[in-house]
Each structure stands twice: as structure tokens, then as C-alpha cells.
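In listed order, ligands and their atoms are each counted from 1. Computed from a predicted model, the values in this text were never measured in an experiment.
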Amino acid sequence: MTPLKSIYHWLDVRLGLGELVEKHLTGYLLPRNINAWYSLGSVLLVIFGIQIATGILLLIYYVPDAEKAFKSVTYIMNDVPFGWFIRLCHAVGSNMMVAVLLLHMLSVLFMGSHKSPREMNWLTGFILFNLILGISLTGYLLPWSQLSFWATTVATNSVGAIPIVGEYLMTFLRGGILVGPPTLGRFFAVHVTFLPLAIGAFIVAHLFLLERIGVSTPPFGLGETKNNWQGDSFRYQSHPGGIPFFPNYLLQDMTSILIYLAIFLTVVFFSPYIFFPPTAFVPADPFKTPAHIKPEWYFLANYQTLKVFPNELLGLMVQGAAMTILALLPFLDRSKERNPLKRPLFLSCFAGGIILYIAMAIWGHYS
Ligand code: HEM
């Protein structure tokens with residue numbers, strides 16, 4: 001036996017490595033008609049990993065103090081070796097993560113994978129969606145630029161429109177009546193501890209559910225497109241005759257991850273500043289409101305909705321209702337059919353929703 005084989009044998013006897021590989025990799029079968037959209041979840045895992053790694057490196061030089069934050073970020077960009085690269089990866093990565101997250105959600109919806117018995121996969125995903133928006137919002141303030149300061153002022157202002165608790169909630173979020181040094185302290189704490197831990201925990205829950213219930217069969221190509229689960233007893237959805245995760249599907253996962261990395265690094269190297277308007281390069285000044293202050297692209301539709309309605313409360317209620325419907329979708333959309341072409345009402349709402357979201361975001365950008 002070669003030394004490598006004897007080490008493997010020693011570990012196999014103690015850990016049952018062979019059995020683990022068989023159960024989770026070579027013997028873990030996926031539906032025969034699985035498609036590339038199913039690899040977006042793995043792309044998200046890679047992005048989250050990159051965000052954690054670059055975030056830890058940024059922490060070495062970043063100073064969470066209103067007097068020093070902007071200077072420390074400028075120092076990272078100009079003086080720390082490869083600091084610019086780490087910082088741009090982190091900032092561009094946060095935008096890319098929201099984009100991939102939206103694609104993952106849309107593809108899951110399109111293929112009806114959120115339907116029974118995967119309501120909990122959807123709900124844990126929906127919570128992840130909110131946590132990731134939260135981590136992006138809190139991170140935006142940290143460079144303490146004019147953009148960070150005023151975008152956070154606008155974002156936290158709308159909370160004040162909630163009746164009874166609004167004012168209290170806004171002061172709690174800001175750590176005072178206005179955005180100021182205490183806001184930076186609490187956003188920093190939440191951004192680097194609570195939110196990454198919460199996201200990590202929900203990713204574990206999301207993957208546990210995936211493993212426990214099994215991957216859904218895409219509703220294309222094979223004859224059966226309906227959920228044939230009865231709902232009165234637990235059932236693991238296996239895929240006899242399917243393709244193994246390793247090596248077959250891992251190759252698809254790796255291809256999607258490499259395509260993602262190619263796009264991501266192209267933006268980082270060639271046009272990172274698409275995510276940085278000029279106000280991102282000026283230190284925060286509470287006495288000077290910039291002329292055009294806009295939230296990040298993924299909040300533009302929400303921002304425009306608030307402006308369209310005669311009062312902010314109405315705008316908030318419409319958004320609250322839309323988010324509640326989205327969260328409860330698997331409980332509202334109860335038909336067993338999963339093929340989008342056989343769900344005309346769903347298809348119209350799906351296309352209408354995407355068009356409305358994009359139109360509101362474009363309107364918000366140019367308004
Ligand atoms: C950090 C965020 C997320 C990560 C890392 C993640 C990861 C994954 C992974 C690895 C899978 C299995 C492969 C696949 O179908 O893509 C998956 C499936 C799934 N995800 Fe996510 N996800 C995230 C966010 C979300 C969100 C925001 C939603 C929806 C609101 C969602 C809903 C689902 C559902 C319903 C499935 C089951 C799909 C099936 O079995 O066919 N996920 N996710």
C-alpha cells in the first residue's frame with residue numbers, strides 16, 4: 001500500500017470516509033433533467049465566502065470612528081498593498097450578491113420549486129434575502145462618505161413614517177435623532193457580527209432542508225411536472241436513475257462559479273466605479289446635502305414607490321404588503337402544477353412583477 005493509501009485507509013476506518021463520499025458525493029443523485037439555474041445557490045455560497053474573507057482583511061485597517069473612517073478607507077485604497085483590490089472585491093461583491101440572489105429567487109419561482117413540501121426552503125431563503133439587504137445597507141454607511149451619510153439618512157427617514165413606533169424605531173436605529181457617530185458604531189457592530197452570524201446560521205438551515213427533503217425535479221423535459229407529494233407524511237425526494245453530484249453536477253457548479261468569477265473580476269478590474277457615484281469620494285458632511293442623493297440600485301424601486309404615493313405611510317404599507325405576499329407565496333399559490341407554461345396566471349404576475357420592478361427602478365434613477 002502506498003503511504004497516501006495507508007493514510008486514507010487509516011482515516012476511513014475511523015471516519016467512514018468511503019461511506020461519506022458515497023452518500024454525499026458519488027451516490028448523491030440529482031434529477032436527470034437538472035439545469036444550470038440550480039447552480040446559482042452554489043455561486044451564492046462562493047460569493048458569501050469571498051465577502052467574509054475580504055471583510056476580515058478590511059477589518060485590519062478600517063477604523064469605525066466618524067473622525068477616522070473615511071481616512072482609513074482612503075488609506076486602504078491608496079497605501080495598503082492590494083488594499084484597493086480587497087476593498088473593490090468587497091464593494092462590488094455586495095452588489096453582485098444581491099443580483100445573483102434575485103436571479104436565484106426568480107429561477108426557484110419560475111420552476112415552482114418553492115411549492116409544497118419546500119415552503120421552509122422558501123421561508124429560510126426569504127429571511128436570507130432580508131438579511132443580505134440589511135448587511136448591504138449597514139455596510140454602505142461604513143466608509144462615512146457623503147454618499148454613505150445621506151443615503152443612510154434617506155433610508156432611515158422612511159422608518160419614521162410608521163405610526164406610533166416609527167419615531168422610536170428611527171431613533172433606535174440611528175442612536176440619536178439624526179444620523180451621526182453613534183449610527184456608525186451600531187451599524188458597524190451589526191454589519192460585522194450579528195448579520196454575518198445570522199446569515200451563516202440561515203444558510204446552514206437552508207442547506208439542511210435541501211439535504212433533508214431532496215432537490216426538486218425541474219418541470220421541463222420529463223413527462224411529470226406536478227408535485228405528487230400527498231402532504232400527510234414526510235418523504236425524501238430521491239432521484240433514481242439521476243446523475244451523481246460528483247463528478248457530474250459539480251462540473252456544472254464549477255462552470256457557473258467560473259463564469260461568475262469572470263464577470264465579477266471584469267467589473268472589479270475594468271469598471272468598479274459603476275457602483276460609486278462622485279459623492280462616494282467626498283467625506284461625510286452633515287451640513288451639506290448633495291443635490292442628487294439616490295440609494296443603491298436594488299433599493300431604487302422601493303425609493304420610487306415611496307415617492308409615487310401622496311404620503312410615505314401609504315408607500316410603506318404597499319411595500320409591506322408586497323413583501324408579505326412574497327414571503328407567503330408557497331401558502332397562497334397552492335396548485336400542484338409546476339410547469340410555468342401551464343400556470344398562465346403565475347406567468348403573467350411573474351412577468352408583470354419583473355417589468356414593474358425594473359420600470360420603478362429606472363424611474364427612480366432618473367427622477
Ligand atoms: C445567501 C443566500 C442563499 C444561498 C447561499 C442559497 C443556497 C441554495 C442552494 C445551494 C440551493 C440548492 C441548489 C439550488 O437549487 O440552487 C438552494 C435551493 C433553494 N433556495 Fe436558496 N440560497 C439563498 C437564498 C435563497 C432565497 C433568497 C430564496 C427565496 C426567497 C431561496 C429559495 C430556495 C429554494 C425554494 C430552494 C429549493 C430549490 C429546489 O429544491 O429545487 N434561496 N439555495
Side-chain angles (χ1 to χ4, degrees), residues 24 28-52 55 93-136 195-222 225 227 229 235-239 242-243 245-246 248-250 252-257 260 298 322-333 338-340 350 353 357:
H24 298 286
Y28 183 59
L29 299 184
L30 296 166
R32 247 182 313 137
N33 59 339
I34 195 160
N35 54 46
W37 293 101
Y38 280 70
S39 56
L40 288 180
S42 307
V43 175
L44 280 168
L45 286 175
V46 169
I47 305 179
F48 185 63
I50 296 177
Q51 289 306 100
I52 295 286
S94 79
N95 283 279
M96 300 291 270
M97 187 162 190
V98 177
V100 178
L101 201 68
L102 289 173
L103 287 179
H104 177 56
M105 263 174 93
L106 289 177
S107 69
V108 160
L109 268 182
F110 190 72
M111 293 187 273
S113 305
H114 60 297
K115 293 189 170 200
S116 188
R118 295 187 176 76
E119 295 93 334
M120 284 167 67
N121 301 48
W122 175 261
L123 285 176
T124 48
F126 183 79
I127 295 171
L128 277 170
F129 175 60
N130 285 286
L131 291 173
I132 283 163
L133 290 182
I135 205 164
S136 308
L195 286 172
L197 286 175
I199 292 172
F202 275 96
I203 288 180
V204 171
H206 199 65
L207 297 182
F208 167 77
L209 289 164
L210 178 81
E211 178 80 11
R212 193 79 192 118
I213 300 169
V215 178
S216 65
T217 311
F220 316 109
L222 302 178
T225 63
N227 266 354
W229 184 65
R235 192 194 61 147
Y236 170 75
Q237 186 171 2
S238 59
H239 300 281
I243 58 163
F245 174 69
F246 180 85
N248 300 46
Y249 199 69
L250 195 66
Q252 172 65 63
D253 269 347
M254 293 310 289
T255 310
S256 302
I257 291 167
Y260 166 78
Y298 42 86
M323 286 301 269
T324 311
I325 291 174
L326 196 62
L328 300 181
L329 216 55
F331 303 97
L332 302 172
D333 177 10
R338 293 181 46 228
N339 186 337
F350 183 78
Y357 180 82

Could you walk me through whether Y38 and S107 pass the side chain to side chain donor-acceptor pair (under 3.5 Å) check?
CA-CA 8 Å; Y38 280 70; S107 69; over 6 Å; no
Decide whether the shortest distance between a heavy atom of [X] and an atom of ligand 1 is less than 4.0 Å.
{"X": "L207", "answer": "yes"}
{"X": "I199", "answer": "no"}
{"X": "F48", "answer": "no"}

Roughly how far, to the nearest 0.5 Å, is the CZ atom of F208 from the CE atom of M120?
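If I round to the nearest 0.5 Å, the distance is 8.5 Å.
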State the CD1-CD1 distance between I132 and I127, to the nearest 0.5 angstrom.
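If I round to the nearest 0.5 Å, the distance is 12.0 Å.
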Tell me the protein heavy atom at minimum distance from [atom], and give that distance in Å.
{"atom": "atom 2 (C) of ligand 1", "value": "L101 CD1, 3.6 Å"}
{"atom": "atom 1 (C) of ligand 1", "value": "I132 CD1, 3.4 Å"}
{"atom": "atom 38 (C) of ligand 1", "value": "S113 CB, 3.8 Å"}
{"atom": "atom 14 (C) of ligand 1", "value": "Y38 O, 3.1 Å"}
{"atom": "atom 40 (O) of ligand 1", "value": "S216 N, 3.2 Å"}
{"atom": "atom 30 (C) of ligand 1", "value": "F126 N, 3.3 Å"}

Return yes when atom [atom1] of [X] has more than 12 non-hydrogen atoms of other residues, nucleotides or ligands closer than 6.0 Å, and no otherwise.
{"X": "F220", "atom1": "CZ", "result": "yes"}
{"X": "M105", "atom1": "CE", "result": "yes"}
{"X": "F331", "atom1": "CZ", "result": "yes"}
{"X": "M323", "atom1": "CE", "result": "yes"}
{"X": "R235", "atom1": "CZ", "result": "yes"}

Evaluate the ring planes of H206 and H104, with Trp represented by its six-membered ring, and classify them as parallel (under 30°), tilted (30 to 60°) or perpendicular (over 60°).
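The arrangement is perpendicular - the two ring planes meet at more than 60°.
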Do the ring planes of Y28 and F245 sit parallel (below 30°), tilted (30 to 60°) or perpendicular (above 60°)?
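Rings of Y28 and F245: perpendicular, as their planes differ by over 60°.
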At a cut-off of 2.8 Å, what protein N/O/S atoms sit near atom 21 (Fe) of ligand 1?
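Result, waters dropped: H104 NE2, H206 NE2.
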Numbered atoms of ligand 1 (with element) below 4.0 Å of F129, judged on heavy atoms
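Reading through ligand 1 atom by atom, the close ones are 27 (C).
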Counting each atom of ligand 1 from 1 as listed, which ones have a heavy atom of R118 under 4.0 Å away?
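Checking each atom against R118, I get 40 (O).
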Using the salt bridge (Lys or Arg N to Asp or Glu O under 4.0 Å) rule, collect all pairs that involve residues 117-133, keeping only residues at least two apart or in two chains.
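Of all non-adjacent pairs touching residues 117-133, none passes salt bridge (Lys or Arg N to Asp or Glu O under 4.0 Å).
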Where's the contact between I213 and ligand 1, heavy-atom distance under 4.0 Å: side chain, backbone, both or neither?
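No part of I213 comes within reach of ligand 1.
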What's the verdict on side chain to side chain donor-acceptor pair (under 3.5 Å) for Q237 and T217, showing C-alpha distance, side-chain angles and the deciding distance?
CA-CA 9 Å; Q237 186 171 2; T217 311; 3.1 Å; yes
